[in-house]
Amino acid sequence: MRKNYSPWIHQLDKSREHRSLRQDLQADTVVVGAGIAGIATSFFILKYTKRSVVVLEKFKLAHGATGHNAGQVASYFEKGFTAMVQEFGADLAVKGQQSIDDAWGLLEEMYTDATLDIFFSRGLGHDGYSTFEQVVRALEEARLKREHGLVPEHMAVAVHAPFIDAIPPQYAGLYRAVPHKQVLEMLETSNPLFMAVSSQKRGCVNSALFCEKMLEYLTATYPKRFALYEHAPVHKIILHTDSALLDADSHTVTAKQVVLCTNGFENLHIINENGLEVDARYHHLLRGRVAYMSAYLEKPDNPPVATSYETPAEPTEDLPYYYLTRRPYEFQRGEEHNLISIGGPEEPFEDELYSRESEYPEYAMDILSKFIHDIYAPEHHTPVTYEFTWHGLMGYTQNGMRMVGPEPQNAILLYNLGCNGVGILPSIMGGRKIARHVAGEQVPKSIFDIPRR
Ligand SMILES: Cc1cc2nc3c(=O)[nH]c(=O)nc-3n(C[C@H](O)[C@H](O)[C@H](O)COP(=O)(O)OP(=O)(O)OC[C@H]3O[C@@H](n4cnc5c(N)ncnc54)[C@H](O)[C@@H]3O)c2cc1C
């Protein structure tokens with residue numbers, strides 16, 4: 001029986017003191033949820049406005065998806081650029097993609113302002129493909145990006161791939177034919193299944209540790225304007241015309257604006273005293289999925305990587321693709337290792353409430369061990385010993401986009417939520433956008449706007 005314990009939570013400071021809410025409070029802006037979205041939103045509001053910010057977290061800082069992810073910093077959308085163009089039109093889709101690409105700069109801004117020195121790699125990430133359909137789908141994404149002035153991913157296709165001559169001519173210039181050996185080397189596998197690889201900027205970070213360090217920075221930099229309260233679950237939010245009341249456990253917090261950075265809408269009741277109902281179908285705006293990951297330690301012999309692999313059987317509902325990161329990792333003080341973390345298995349989670357206490361299922365570990373054995377490290381003849389096994393909740397919105405901006409029924413309430421599979425850069429992009437709303441700027445329409453219901 002395995003517990004839900006991630007390498008990112010393992011690296012947090014266990015002796016950090018948690019401040020709990022002991023009295024009623026007032027603040028200009030209340031941020032609900034202290035994952036990377038809540039921390040980034042606080043950072044940008046504090047930096048770019050004069051507002052005070054109180055963060056209310058129902059459990060502990062960064063113990064949600066932010067502490068249970070793969071930690072790949074990536075600027076793609078799981079929905080895919082092609083589907084975004086179809087749904088939102090080229091102009092909005094391009095601007096949406098650009099805003100996520102620009103979030104690299106925002107992440108650097110946070111890192112630099114707080115003079116962080118925690119591990120954050122930036123380099124090229126690789127996606128491996130094994131079938132013609134996967135290759136053509138990726139090339140079509142690249143073609144559309146090129147057509148609309150975005151930087152497309154570059155693909156290398158094995159010169160002897162059985163389908164290379166069938167690749168349609170409109171994809172010329174988006175791929176190059178290389179020896180099969182080169183594709184396999186880029187993907188660090190000896191498994192000949194993989195016929196192509198595309199590459200783009202990608203990084204690795206411990207987003208939970210990043211939040212912990214940012215918390216230190218915000219607390220020291222804005223002692224009068226910022227506070228985080230943990231173990232402070234918000235059960236109810238009452239929205240008025242120019243203020244909101246939050247029922248946070250046994251205390252009341254009053255704010256001029258509230259930003260929900262809760263990933264989803266667990267146990268949260270919203271009452272709009274100022275007009276149409278807000279609460280009604282909230283829980284149905286997001287579909288939950290639980291994703292499972294495992295990690296093991298090895299010698300620190302190889303550089304960091306962030307790679308994904310699509311085998312001929314993927315993507316499926318339960319196994320969209322495998323994703324792997326390798327990075328330097330200090331398991332115990334003074335010890336140097338590489339941490340290999342792998343994810344892939346997922347399952348829908350709609351009717352029950354997700355519990356971070358749930359056990360880690362054996363079947364997920366078996367799937368990941370097979371991946372290690374067949375693809376990443378066939379030299380492991382015995383099953384690897386996992387130091388960590390963990391799961392996390394991903395919230396998928398109906399249109400596959402993060403929800404960022406004011407509630408159409410009452411702009412006192414704003415959102416920066418909806419993981420949609422890739423959430424580190426989108427959370428940071430969302431934080432900057434929310435700060436613009438809070439500052440009263442005219443924020444242009446975007447694919448992240450909250451759909452009217
Ligand atoms: C297995 C897995 C792998 C992933 N891999 C990647 C990856 O490689 N790259 C990437 O970019 N993204 C990845 N993601 C997604 C990414 O981790 C998330 O999108 C991101 O961390 C979301 O941050 P958040 O702050 O919105 O949510 P969270 O980190 O979940 O934070 C929300 C917080 O709100 C709190 N909260 C909820 N309700 C209340 C309430 N009523 N009152 C007070 N507090 C409340 C929660 O306790 C929680 O701390 C992955 C996710 C998972 C699960």
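Atoms within each ligand, like the ligands themselves, are counted from 1 in listed order.
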Legend entry - Closest to atom 52 (C) of ligand 1 among E57, M394, R289 (heavy-atom distance): M394
Inset, instruction - Take atom NZ of K224 as the centre, draw a 6.0 Å sphere, and report whether it contains more than 12 heavy atoms from other residues, nucleotides or ligands. - result: no
Legend entry - Where H68 and G392 come nearest, the two heavy atoms and their spacing: CB-CA, 4.0 Å
Inset, instruction - Mind checking whether V234 contacts ligand 1 via backbone (N, CA, C, O), side chain (CB onward), both or neither, at a 4.0 Å heavy-atom cut-off? - result: both
Inset, instruction - Identify whether the distance between the nearest side-chain nitrogen and carboxylate oxygen of E109 and K47 falls below 4.0 Å. - result: yes
Legend entry - Greater than 12 external heavy atoms within 6.0 Å of K213's NZ: no
Legend entry - Test item, G343 contacting ligand 1 (heavy atom, 4.0 angstrom): no
Legend entry - Y76 six-ring centre to R202 NZ/CZ under 6.0 Å and within 45° of normal: no
Legend entry - Check: A232 N/O within less than 3.5 Å of ligand 1 N/O: no
Inset, instruction - Using distance alone, determine whether A37 and ligand 1 share an N or O pair under 3.5 Å. - result: yes
Inset, instruction - Return the residue, atom name and 0.1 Å-rounded distance of the protein heavy atom closest to atom 38 (N) of ligand 1. - result: T262 CG2, 3.5 Å
Inset, instruction - Considering the heavy atoms of G392, write down every atom of ligand 1 situated less than 4.0 Å from one of them. - result: 53 (C)
Legend entry - Matching residue for L260 among N416, L414, I270 - test: side-chain contact (heavy atoms from CB on, under 4.5 Å): I270
Legend entry - Proximal atoms of ligand 1 relative to Q72 (non-hydrogen, under 4.0 Å): 7 (C), 8 (O), 9 (N), 10 (C), 11 (O)
Inset, instruction - Measure N69 to ligand 1 on non-hydrogen atoms and call it side chain, backbone, both or neither using the 4.0 Å cut-off. - result: both
Inset, instruction - Have a look at ligand 1 and work out which part of C261, if any, has a heavy atom under 4.0 Å from it: side chain, backbone, both or neither. - result: backbone
Inset, instruction - Please identify which atoms of ligand 1 are closer than 4.0 Å to at least one heavy atom of N263. - result: 27 (O), 30 (O)
Legend entry - Plane angle bin for F77 and F448 - parallel if under 30°, tilted between 30 and 60°, otherwise perpendicular: parallel
Legend entry - Nearest-option assignment for atom 31 (O) of ligand 1, heavy atoms, candidates A40, S341, S6, G35: G35
Inset, instruction - Answer with yes or no after comparing the ring centroid distance for F371 and Y309 against a 6.0 Å cut-off, counting only values under it. - result: yes
Inset, instruction - Report yes or no: does S6 contribute a side-chain atom to a donor-acceptor pair with the main-chain N or O of G67 at less than 3.5 Å? - result: yes
Legend entry - Residue selection (non-hydrogen contact nearest atom 14 (N) of ligand 1) among G421, G264, G430: G421
Legend entry - Region of L56 that comes within reach of ligand 1 [heavy atoms, distance under 4.0 Å]: backbone
Inset, instruction - Answer with side chain, backbone, both or neither: which part of E78 has a heavy atom less than 4.0 angstrom from an atom of ligand 1? - result: neither
Inset, instruction - Give yes if a backbone or side-chain nitrogen or oxygen of Y292 is under 3.5 Å from a nitrogen or oxygen of ligand 1, and no if not. - result: no
Inset, instruction - Rounded to the nearest 0.5 Å, what's the gap from CE on M214 to CZ on F43? Could you check? - result: 5.0 Å
Inset, instruction - State, yes or no, whether a side-chain contact exists between N263 and Y354 at a heavy-atom distance under 4.5 Å. - result: no
Inset, instruction - Identify, by atom number and element, the atoms of ligand 1 in contact range of A291, meaning under 4.0 Å from any of its heavy atoms. - result: 1 (C)
Legend entry - Any N or O of I424 closer than 3.5 Å to N or O of ligand 1: yes
Legend entry - Identity and separation of the nearest protein heavy atom to atom 34 (O) of ligand 1: G33 CA, 3.2 Å
Inset, instruction - Consider every N or O of G38 and every N or O of ligand 1, then say whether any pair is closer than 3.5 Å. - result: no
Inset, instruction - State whether R16 and E216 are salt-bridged, where the test is any N-O pair (Lys NZ or Arg NE/NH1/NH2 against Asp/Glu carboxylate O) under 4.0 Å. - result: no
Inset, instruction - Note the single closest protein heavy atom to atom 43 (C) of ligand 1, along with its residue, its atom name and the distance in Å. - result: K58 N, 3.2 Å
Legend entry - ligand 1 atoms in contact with L393 (distance to a heavy atom under 4.0 Å): 53 (C)
Legend entry - L268 neighbourhood, listing ligand 1 atoms whose heavy-atom distance to it stays under 4.0 Å: 41 (N)
Inset, instruction - For C419, counting its heavy atoms only, list the atoms of ligand 1 lying under 4.0 Å from any of them. - result: 15 (C), 18 (C), 19 (O)
Legend entry - Atom pair CG (L12) and CD (E212), whose distance is rounded to the nearest 0.5 Å: 4.5 Å
Legend entry - Contact atoms of ligand 1, heavy-atom distance to A70 under 4.0 Å: 3 (C), 4 (C), 5 (N), 6 (C), 8 (O)
Inset, instruction - Take every heavy atom of L417, measure it against each atom of ligand 1, and state whether any distance is under 4.0 Å. - result: no
Legend entry - E330 atom CD, neighbour heavy-atom count above 12 within 6.0 Å: yes
Legend entry - Shortest non-hydrogen contact between I447 and N399, atoms and distance: O-ND2, 4.3 Å
Legend entry - Identity and separation of the nearest protein heavy atom to atom 28 (P) of ligand 1: A65 N, 3.6 Å
Inset, instruction - Report the part of H68 in contact with ligand 1, treating N, CA, C, O as backbone and CB onward as side chain, heavy atoms under 4.0 Å; options are side chain, backbone, both, neither. - result: backbone
Inset, instruction - Give the residue, atom name and distance (to 0.1 Å) of the protein heavy atom nearest atom 10 (C) of ligand 1. - result: G423 N, 3.3 Å
Inset, instruction - Examine R122 relative to F120 and say whether NZ or CZ is less than 6.0 Å from the centre of the six-membered ring and inside a 45° cone about the ring axis. - result: yes
Inset, instruction - For the pair H391 and Y360, name the ring-plane relationship: parallel under 30°, tilted 30 to 60°, perpendicular over 60°. - result: parallel
Inset, instruction - Answer yes or no for R402: is there a heavy-atom contact with ligand 1 below 4.0 Å? - result: yes
Legend entry - Inter-residue atom distance K60.NZ - E230.CD, 0.5 Å rounding: 8.0 Å
Inset, instruction - Considering heavy atoms of the protein only, find what lies nearest to atom 29 (O) of ligand 1 and give residue, atom and distance to 0.1 Å. - result: T66 OG1, 2.5 Å
